[in-house]
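Report on the structure given below.
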Amino acid sequence: MQEVFFKDLETIAYKEAWNYQEELLQKNVQAKTRAKSNISYSSTGAVFEPDAGTHHHLLLCEHPPVYTLGKSGHVENVLISEAYRSRKGIEYYQTNRGGDITFHGPGQIVAYPLLELRRRGNFDKEYVYRLEEAVIRTLMHVGVTGHRVAGAPGIYVRLSDPFSHAALCT
């Protein structure tokens with residue numbers, strides 16, 4: 001099992017957090033490239049790959065108000081104008097990540113796990129499901145009911161009654 005390095009980025013601009021994640025990713029890519037040049041073969045043809053020296057990371061932060069539009073998003077789903085965003089100091093970025101339009105802002109904790117899923121035998125959708133389940137169970141421990149919404153990855157809490165599971169079942 002490989003360790004996961006944790007860092008609390010506190011309140012950080014989206015672009016700055018993005019750049020930091022890209023820096024960590026590039027370090028892992030460079031480590032993999034170095035490791036591939038050191039692959040050796042046995043007399044039986046077996047491949048011995050050295051440890052790539054890559055690292056898993058978990059970053060937590062809050063962002064000043066920002067909307068992001070993922071690669072599967074549609075710009076028509078952005079329901080506020082550029083002028084309004086500018087007046088309110090809300091940033092906007094198109095990203096190469098999945099999803100549609102997402103808002104991040106003060107008071108919302110954002111987690112960025114940077115993990116090599118395939119090396120661990122997991123795949124993206126399975127990993128997201130497991131992560132959502134962990135969030136639901138964690139919220140349950142503090143009496144808050146989190147739930148999934150079909151077609152909208154993430155965990156949602158009913159603001160009108162965050163402690164009522166019955167309200168979600170109706």
Side-chain angles (χ1 to χ4, degrees), residues 4-32 54-118 122-164 167-168 170:
V4 176
F5 295 93
F6 169 77
K7 185 167 186 174
D8 183 353
L9 299 176
E10 300 179 356
T11 301
I12 185 171
Y14 181 83
K15 183 67 173 160
E16 191 177 343
W18 175 271
N19 289 342
Y20 183 61
Q21 292 171 72
E22 286 295 313
E23 179 184 320
L24 294 174
L25 172 66
Q26 289 310 311
K27 286 180 181 179
N28 278 347
V29 168
Q30 291 168 4
K32 281 181 167 181
T54 58
H55 299 287
H56 296 297
H57 297 274
L58 175 61
L59 309 175
L60 293 183
C61 66
E62 290 184 49
H63 292 304
V66 60
Y67 282 97
T68 61
L69 184 66
K71 63 184 178 183
S72 61
H74 303 283
V75 73
E76 60 270 13
N77 292 340
V78 180
L79 301 179
I80 60 175
S81 69
E82 183 177 340
Y84 179 83
R85 287 193 312 267
S86 180
R87 272 196 318 276
K88 295 291 186 177
I90 301 171
E91 294 186 319
Y92 171 79
Y93 294 97
Q94 286 191 272
T95 73
N96 64 354
R97 296 183 174 172
D100 197 355
I101 188 75
T102 302
F103 175 79
H104 298 296
Q108 178 191 41
I109 298 172
V110 180
Y112 293 113
L114 287 76
L115 310 170
E116 284 195 61
L117 297 178
R118 285 175 181 81
N122 292 322
F123 295 94
D124 300 345
K125 287 185 181 185
E126 175 189 357
Y127 174 74
V128 169
Y129 181 86
R130 289 179 179 200
L131 191 58
E132 289 172 341
E133 189 63 26
V135 170
I136 289 170
R137 290 172 185 233
T138 301
L139 289 172
M140 203 179 327
H141 284 287
V142 294
V144 174
T145 301
H147 64 280
R148 292 180 176 90
V149 173
I155 299 304
Y156 299 82
V157 175
R158 182 169 291 189
L159 292 179
S160 61
D161 192 0
F163 306 106
S164 173
L168 299 173
T170 56

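All residue numbers in this chain count up from 1 along the given sequence.
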- Item | Heavy-atom check, side chain of Val78 versus side chain of Tyr67, under 4.5 Å | no
Of all heavy-atom pairs linking Leu9 and Cys61, the shortest is CB-CB, 3.8 Å
Here the pair of heavy atoms bringing Asp8 nearest to Glu10 is OD1-N, 2.7 Å
Inset, instruction - Can you label the angle between the His57 ring and the Phe5 ring as parallel, tilted or perpendicular, going by 30° and 60°? - result: tilted
When every non-hydrogen atom of Ile12 is compared with those of Pro64, the smallest separation belongs to O-CD, 3.3 Å
Salt bridge (Lys or Arg N to Asp or Glu O under 4.0 Å) test vs Glu132 passes for just one of Lys125, Arg148, Arg137, namely Arg148
With a sphere of 6.0 Å drawn around OH of Tyr84, does it hold more than 12 non-hydrogen atoms of other residues, nucleotides or ligands?
no
**Request:** Side-chain contact test, heavy atoms from C-beta onward, threshold under 4.5 Å: evaluate it for Asp100 versus Leu69 and give yes or no.
**Result:** yes
Can you check whether Gly99's main-chain N or O pairs, donor with acceptor, with Ser72's side chain at less than 3.5 Å?
-> yes
With a 4.0 Å cut-off, would you call Glu22 and Lys15 a salt bridge? no
Contact between Asn28 and His55 at the side-chain level, heavy atoms closer than 4.5 Å - yes or no? yes
With a 4.5 Å limit on heavy-atom distance, are the side chains of Tyr112 and Leu24 in contact?
no
Whether Glu23 side chain and Asn19 backbone form a donor-acceptor pair below 3.5 Å: no
